[in-house]
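For reference, the structure is listed below as structure tokens.
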Amino acid sequence: MIAASTQGKRAQGIRRVNLSQDLGKITDLIEVCFSPRMDAGARATIREMRALSRMGPLLGLLALGDDMLRGIGAGFVWEEDGRIIGNVTLFPARVPRDVERTIVVANVAVDPAYRRRGIARQLMDASLEALHSSGAGAAILQVETDNAGARQLYLDLGFRTERTWHEWRRAREMPPPRQLMNSPRISLRPGTMWRTEYELARRIFPAERGGLGWQRPLHVREFRRTPLEHLTGFLSGTTVERWIVREGRQIAGALWARTQFGSGLARLTLLVPPEEQERLVDPLLNYGLRRLSLGTHSLYCEHPADDVYTTAALEGCQFRRRRTLDHMRLDL
Ligand SMILES: CC(C)(COP(=O)(O)OP(=O)(O)OC[C@H]1O[C@@H](n2cnc3c(N)ncnc32)[C@H](O)[C@@H]1OP(=O)(O)O)[C@@H](O)C(=O)NCCC(=O)NCCS
């Protein structure tokens, strides 16, 4: 059932979002439902949504250039007692153009007073039906591993967990570590070795387990940048440094650091196969931390929770675990 039913004057049930009318109420609902788990970034998004909700009819126009707004506008709400008490947001994942159209399901929320009545399930059913009819290839979502209720809902709908990931942060105030003795030689990856690095990543981050992480399918584009992509990266202030430990024609391990001018955040990606972890994880992290200008950047890293060795190494380098998330997927 996608259309809302009406009882007297009050609409009741599921309907599509009307962005200019609903954004304020959806923001209130999201705040109520997620506040126990919200970090500073999420709170800033809530403030931004609330400010946008006052833009009225202009919102439709703004949504053309804003993924979050467009996603909220493409979603569904459940209305009851004159209020919005349930929501699902649907926005396109940022994946390369030649990957099947993948939709992120987010902001799945039901007001606490209306829970366990099947509202989330019906909202999800309507959303998946709409995605299927629109020709989308897959739906993905992330859910905190300890959110048993939501996980069960998604499993019942046919989602499967691709991989569980820890999210790590290292505060900018933390000093760099001392240089390690006896570190293997670490150098910048030559552009010509992109395929070797891609093959390494295929072993560590196979596509069928979600690839490199959230909205990062394993794709050659992450490894082989065209001159145009280099130029757009440069113009948008994005820098990716790729440091490797090279063994002849092979790459034994790698660390990437992606920085965006003005963001204050650097993102690390560590690619080390299990048999090289003891030898390479600490030296690569040590090198990366000393190379980055730590006073100006906090560090962010997303890494598989099943990699126990790297988990301990990140803790040893003063990274703090923020969340543990199951990445789930449903092929439509
Ligand atoms: C998760 C949430 C959306 C579920 O909404 P809901 O309308 O209560 O869910 P439904 O009634 O449709 O439940 C469908 C199924 O999900 C599972 N489920 C939902 N909540 C559950 C809970 N608290 N404990 C155990 N299972 C639960 C059950 O399998 C349930 O089926 P059942 O009632 O037949 O046993 C709601 O609890 C919520 O808003 N939570 C806070 C926000 C959040 O965590 N969202 C998910 C982010 S990924």
Side-chain angles (χ1 to χ4, degrees), residues 1-2 4-5 11-17 22-46 49-50 67-68 71-72 74-94 102-131 138-167 210 213-215 302 305 321-330 332:
M1 179 196 74
I2 292 187
S5 62
Q12 181 135 336
I14 296 180
R15 64 169 172 79
R16 287 271 191 185
V17 170
D22 299 335
L23 185 60
K25 291 178 188 168
I26 293 174
T27 307
D28 292 341
L29 176 71
I30 290 174
E31 189 167 28
V32 167
C33 293
F34 288 98
S35 58
R37 293 172 185 260
M38 268 185 196
D39 60 11
R43 277 183 232 288
T45 307
I46 289 287
M49 283 166 66
R50 192 150 282 132
D67 276 359
M68 178 188 68
I72 294 173
F76 288 88
V77 286
W78 184 288
E79 207 168 21
E80 200 160 319
D81 303 328
R83 298 169 53 214
I84 286 180
I85 53 95
N87 179 72
V88 171
T89 292
L90 305 168
F91 59 83
R94 278 176 244 113
T102 305
I103 304 296
V104 175
V105 178
N107 299 333
V108 180
V110 172
D111 184 292
Y114 295 82
R115 287 186 187 160
R116 297 310 288 273
R117 286 176 26 187
I119 292 176
R121 192 190 297 276
Q122 291 183 67
L123 281 163
M124 286 294 292
D125 280 342
S127 302
L128 296 173
E129 192 185 308
L131 293 182
I140 57 170
L141 57 84
Q142 46 180 359
V143 53
E144 291 194 37
T145 304
D146 62 4
N147 190 347
R151 283 182 68 241
Q152 192 55 53
L153 165 68
Y154 303 138
L155 287 171
D156 290 351
L157 289 163
F159 281 82
R160 67 184 168 83
T161 303
E162 289 190 309
R163 204 162 193 178
T164 301
W165 297 76
H166 291 317
E167 276 184 7
W214 184 236
Q215 297 189 55
E302 186 182 81
R321 195 187 306 173
R322 290 174 69 219
R323 303 194 291 177
T324 301
L325 294 159
D326 285 2
H327 291 185
M328 302 183 93
R329 177 187 185 90
L330 177 70
L332 294 162

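Each ligand, and each atom within it, is numbered from 1 in the order the structure gives. Positions are given from 1, in the same order as the sequence printed here. Note that the structure is predicted; figures quoted are calculated from it, not measured.
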The one among [options] that brings a heavy atom closest to [atom]:
atom	options	answer
atom 30 (C) of ligand 1	Gln122, Arg117, Arg115, Arg121	Arg121
atom 16 (O) of ligand 1	Leu153, Asp156, Ile119	Leu153
atom 46 (C) of ligand 1	Asp125, Leu123, Val108	Val108
atom 11 (O) of ligand 1	Gly149, Gly118, Ala106, Pro36	Gly118

[Y] and [X], any side-chain heavy atoms less than 4.5 Å apart:
X	Y	answer
Asn147	Arg37	yes
His327	Arg163	no
Asp28	Arg50	yes

Between Glu79 and the options Arg15, Gln12, Lys25, the side chain to side chain donor-acceptor pair (under 3.5 Å) test singles out Arg15
Any nitrogen or oxygen of [X], side chain or backbone, less than 3.5 Å from one on ligand 1?
X	answer
Gln142	no
Arg116	yes
Ala120	yes

Is it the side chain (CB and beyond), the backbone, both or neither of [X] that lies under 4.0 Å from ligand 1, heavy atoms counted?
X	value
Phe34	side chain
Leu141	neither
Tyr154	side chain

Check the pair Ile14, Leu123 against side-chain contact (heavy atoms from CB on, under 4.5 Å), reporting the backbone distance first and the verdict last. CA-CA 7 Å; Ile14 296 180; Leu123 281 163; 4.2 Å; yes
Interfacing atoms of ligand 1 (cut-off 4.0 Å, heavy-atom, [X]):
X	result
Val143	48 (S)
Ala109	39 (O)
Ala150	1 (C), 46 (C)
Asn147	43 (C), 44 (O), 46 (C)

Requested in this report: Quick one: do Phe76 and Asp125 satisfy side-chain contact (heavy atoms from CB on, under 4.5 Å)? Show the steps, please.
Outcome: CA-CA 10 Å; Phe76 288 88; Asp125 280 342; over 6 Å; no
Side chains of Asp81 and Tyr114: any donor to acceptor distance under 3.5 Å?
yes
Closest heavy-atom pair, Gly71 versus Phe91, reported as atoms and distance to 0.1 Å, is CA-CB, 3.4 Å
- Does some non-hydrogen atom of Cys33 fall short of 4.0 Å from ligand 1? yes
Exercise. Assess whether side-chain contact (heavy atoms from CB on, under 4.5 Å) is satisfied between Met68 and Ile72, documenting all intermediate values.
Key: CA-CA 6 Å; Met68 178 188 68; Ile72 294 173; 4.1 Å; yes
Looking only at protein heavy atoms, what sits closest to atom 39 (O) of ligand 1 is Val110 N, 2.9 Å
Nearest non-hydrogen protein atom to atom 29 (O) of ligand 1, with distance, is Gln152 CG, 3.4 Å
Which of Asp67, Leu90, Ile140, Thr89 passes side-chain contact (heavy atoms from CB on, under 4.5 Å) with Val104? It is Ile140
With a 4.0 Å cut-off, would you call Arg151 and Asp146 a salt bridge?
no
Kindly state if atom 13 (O) of ligand 1 has a protein heavy atom within a strict 4.0 Å cut-off, that is, under 4.0 Å?
-> no
